[in-house]
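Below: one structure, written as structure tokens.
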Amino acid sequence: MVKITLPDGTKREYKNNITIGEVASNMDSLLGERALAGKAGGVPVDLSHPIKEDISLSVITENTEEGLEILRHSAAHIMAQAVSRLFPGVKLGIGPTIENGFYYDFGLQHSLSEEDLKKIEEEMARIINEDIAFERTELPRDIAMKKMESLCQPFKVELIKDIEDDKVSFYNQGEFVDLCRGPHIQRTSKIKAFKLLSVAGAYWRGKETNPMLQRIYGTAFFTQTELNKYLKFLEEAEKRDHRKIGKDLDLFSFHEEGGSGLTFWHPKGARMRNIIENFWREEHFKRGYEILYSPHIAKINLWKTSGHWNFYRESMYSPIEVDGHEYILKPMNCPFAVLIYKTKLHSYRDLPLRWGELGTVYRYERSGVLHGLLRVRGFTQDDAHIFCTPDQLESEILGVIELGQFMLSSFGFNEYEIELSVRGKGEKEKYIGKDDVWEHAESALKIALDKKGLKYTRMEGEAKFYGPAIDIKVKDAIGRGWQGPTIQVDFNLPERFDVNYVGPDGFHHRVVMVHRTVLGAMERFVGCLIEHYAGDFPLWIAPIQMRILPITDAHIDYAKKIQAQLLSKNFRVECDMNSAKINYKIREGVLEKIPYLLIVGDKEIGSNTVSVRSRKKGNEGTLPVEDFITNVETEIREKK
RNA sequence: GCUGCUGUAGCUCAGCGGUGGAGCACGUCCUUGGUAAGGACGAGGUCAUGGGUUCAAAUCCCAUCAGCAGCUCCA
């Protein structure tokens, strides 16, 4: 007999070698049906796993994260089986689950196309229909290795080489066998909904020097409804693509003639950016920041002193020769702030100094990583550098967090995840700066987060060599994560540039430098905003806030009069004077996502009213112009 | 940078060896229309760029540039 401890603490006795599946069915027939795998002593195992000793046991069922992972992992195996059937001789790589799905890497001469994906899906459906059992076998390492060698699976051989255990486990479904830790579902028919999504190249084991395999991405769910929901989400994400919306709304463009990763802001995009930047400056001034401007290029020696030339040369644009000196396009703004700081001696009484800069930097990003506005080669950081004393660090961090929260909520981001990156244990030589300085800085960051009552994940060993950091990741309207504010303490530059302040003791002390961004870069942030709002910008950001639509040419004069009235109130207002019909004009305005369309005709003339059609509510009826102005002024003030 | 795919009118795309098409947008004219597309006519292209194959290339091949999906990278 074996004694099994259940998650609720109750103990039950069963005959020896009973399987987990049997235990589950014994406890509750419904549980038995919905069981996918178990956890024996905390280790995930198959339902067919026999229990030989007293152990704690839990059952992994459908509709749990763990259950879904097992399902998807099994789906990956079924995909590999289908590919093996269709392309005999395929070399199998790895096939793990990932967030929202799974993938499998294949070494294959034939390059896979979308049509192949369809064929593979059909084969998978066949395998699922065949209702094949997943069977686990264990082999000694050397025999396992020979088995994979005889099957001509070099990648699997390599994987086995790295396994430390003496025993290696395999799973097979019918003719297909794969090296795998498991667990898996019992039978292929358990997969009720799956879809293959895309195919792309991927290096074997993620190393650039390794051969490139073909990776098929797919996903699987317990029900078709859930799959459909996920596919809908993908569709929604595609609709929000800032590259498409940016083109449709005439916000920005890129040009072959200009160069990759260099943004051309059109009037409407520039207008948005300007609104954001003005808001940004105002809020910074309110919080005791000053604003700097610095050059776009500087002599190479400055970058040698800062260390950038040494560490990040591959990411910098090549030197430009001027008058026998080499100049570099700036990849960062910080050395400039340091130079300005050093133009005079600073007393501790002057600190903290908070210097912001919307500084445009250029970084040579590898061609394959560029992506719309989100990853570019030239971008404007909403940068700031805070020079303070060690004692001020905590309150400065607190101030930055508060500013960050304020800015994010202004743009409709209210959910975030926070990471605190600190030194790794036992590798102090990797980091610059003294121990006590590090400890002080790390605790200042931590205390600031705690004081704000913010939850965060401590990331051991994730700190840069020059200081600890806080990274805030925001969630957009459909739950996707985006890089938000970052706060980075920097011990490197103050050392390299010998940046000091005079303390109360009359001696020079090393200044503490904090580097931070709130929005990141204007390019990336605008890209993010486009996707977050799907182009339906709140009134205060919308490049065009309202458009007046005269019903016939006879109403143009009145429309212009209203336009002038609204312009005088600083609204961004257009007048549509095309001779198209009103329905047509409305359609155009709606497609351009203009928050307010103001229709004017005979009814409005004389009563000094406008017929309001809002993007949010549609036809809102006729309103005196003054009332309309009051309403939108409120809406702008509330940033809704 | 790597693998695969793509580049045809302002936009979205069809054409895939025999000297270029559609819809929308644009222009002119007609129409003066009340909450998501009125009509007619017209203008627009060295088919990304540079080579090659061929009697003949938008179409096949190579290179370059640019984009897309990933991988790798992101101070």
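No hydrogens, no waters, no symmetry mates; every other heavy atom, side chains included, goes into these values. Throughout, a chain's letter reflects where its sequence line sits, starting with A, and its residues are numbered from 1.
In this structure, B/rG44 shows a glycosidic angle within 90 degrees of zero, which is the syn conformation.
Applying the 4.0 Å criterion to OP1 and OP2 of B/rG33, one finds that A/Thr552 has every side-chain N and O outside that range. At B/rG33, none of the side-chain N or O atoms of A/Ser579 fall inside 4.0 Å of OP1 or OP2 (strictly under the cut-off). For A/Tyr584, a side-chain nitrogen or oxygen approaches OP1 or OP2 of B/rA25 to under 4.0 Å.
When rounded to the nearest whole Å, the span between CG of A/Asp576 and P of B/rA36 equals 15 Å. Regarding A/Leu549, its CG atom lies at a distance of 14 Å from the C1' atom of B/rA37, rounded to whole Å. Going from atom CD1 of A/Ile582 over to atom P of B/rG34 covers 9 Å, rounded to whole Å. The distance from atom CG of A/Asp250 to atom C1' of B/rC26 is 14 Å, rounded to the nearest whole Å. As rounded to whole Å, 7 Å separates atom P of B/rA66 from atom CZ of A/Arg377. When rounded to the nearest whole Å, the span between NZ of A/Lys244 and P of B/rU12 equals 8 Å. Regarding A/Leu598, its CG atom lies at a distance of 19 Å from the P atom of B/rG34, rounded to whole Å. In this structure, CD of A/Glu588 is placed 10 Å from P of B/rG38, rounded to the nearest angstrom.
Among the heavy atoms of the strands lying under 4.0 Å from A/Ser367 is at least one base atom, whether or not backbone atoms are also near. Using a 4.0 Å heavy-atom criterion, one finds that A/Asn619 contacts the bases of the nucleic acid, with or without backbone contacts as well.
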Expected rows: protein N/O vs nucleotides 7-11 of chain B N/O, under 3.5 Å:
none

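Using a 3.5 Å distance cut-off with no hydrogens or angles, the side chains of A/His242 and A/Glu531 do pair a donor with an acceptor. Side chain to side chain, A/Ser614 and A/Glu620 meet the donor-acceptor criterion of an N or O pair below 3.5 Å. Side-chain atoms of A/Asp105 and A/Trp204 include no donor-acceptor pair closer than 3.5 Å.
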Review point. Which letter, B, S or -, goes with each nucleotide of nucleotides 68-75 of chain B from 5' to 3', with contact meaning a protein heavy atom under 4.0 Å?
Key: SBBBBBBB
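Remark: B/rC24 base-pairs with B/rG10; criterion is Watson-Crick or G-U wobble with both hydrogen-bond distances under 3.5 Å. Pair assignment for B/rC55: B/rG18, on the basis of Watson-Crick or G-U wobble contacts that are both within less than 3.5 Å. Under the Watson-Crick or G-U wobble criterion, with both distances below 3.5 Å, B/rA69 is paired with B/rU3. Figure legend. B/rU32 is base-paired to no nucleotide; pairs are counted as Watson-Crick or G-U wobble with both atom distances under 3.5 Å. In a base pair of the Watson-Crick type (N1 to N3 plus N6-O4 or O6-N4) or a G-U wobble (N1-O2 and O6-N3), with each distance short of 3.5 Å, B/rC47 is matched with no nucleotide.
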**Study point:** Verdict with supporting geometry, A/His296 and A/Thr360, side-chain hydrogen bond (donor to acceptor under 3.5 Å, both in side chains)
**Key:** CA-CA 7 Å; A/His296 285 212; A/Thr360 305; 4.6 Å; no
Practice item. Determine, stepwise, if the pair A/Tyr230 / A/Glu235 fulfils side-chain hydrogen bond (donor to acceptor under 3.5 Å, both in side chains). Key: CA-CA 9 Å; A/Tyr230 178 65; A/Glu235 233 173 77; over 6 Å; no
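Straight-line distance between the C1' atoms of B/rU31 and B/rA40: roughly 11 Å, to the nearest whole Å. Using P as the reference atom, B/rU54 and B/rU59 are 16 Å apart when rounded to the nearest Å. Taking atom C1' on both nucleotides, B/rC26 is separated from B/rG45 by 15 Å, rounded to a whole Å. The same atom, P, is picked in B/rG18 and in B/rC47; the two are 16 Å apart, to the nearest Å. A distance of about 41 Å separates the P atoms of B/rC29 and B/rC68, rounded to the whole Å. Of the C1' atoms belonging to B/rA58 and B/rA9, the separation is 14 Å, rounded to the nearest Å. Distance check on atom C1': B/rA37 versus B/rU49 gives 39 Å, rounded to whole Å. Atom C1' of B/rA14 sits at a distance of 12 Å from the matching atom of B/rG20, rounded to the whole Å.
More than 12 non-hydrogen atoms from other residues, nucleotides or ligands lie less than 6.0 angstrom from CD of A/Glu314.
For the pair A/Lys475 and A/Phe413, the NZ or CZ position fails the cation-pi test of under 6.0 Å to the six-membered ring centre and within 45 degrees of the ring normal. Within the cation-pi definition used here (under 6.0 Å to the ring centroid, within 45° of the axis), A/Arg215 qualifies as a partner of A/Tyr103.
Ring geometry for A/Tyr431 against A/Trp438 counts as perpendicular: the plane angle is over 60°, on a 0 to 90° scale with 30° as the lower cut.
Heavy-atom minimum distance, A/His385 versus A/Ala337: ND1-CB, 3.8 Å.
When distances run from any side-chain atom of A/Glu604 to the nucleotides B/rG38, B/rG34, B/rA36, the shortest one goes to B/rG34.
Take the nearest nucleotide of RNA chain B for A/Lys585 and for A/Val590: the residue whose nucleotide is more 5' is A/Lys585. Comparing A/Leu213 and A/Ile599 by the nucleotide of RNA chain B that holds the closest heavy atom to each, the one mapping nearer the 5' end is A/Leu213.
No donor-acceptor distance shorter than 3.5 angstrom exists from the side chain of A/Arg377 to the backbone of A/Gly261, with no hydrogens or angles considered.
Close placement of the A/Tyr104 and A/Phe106 rings is indicated, their centers lying within 6.0 Å of each other.
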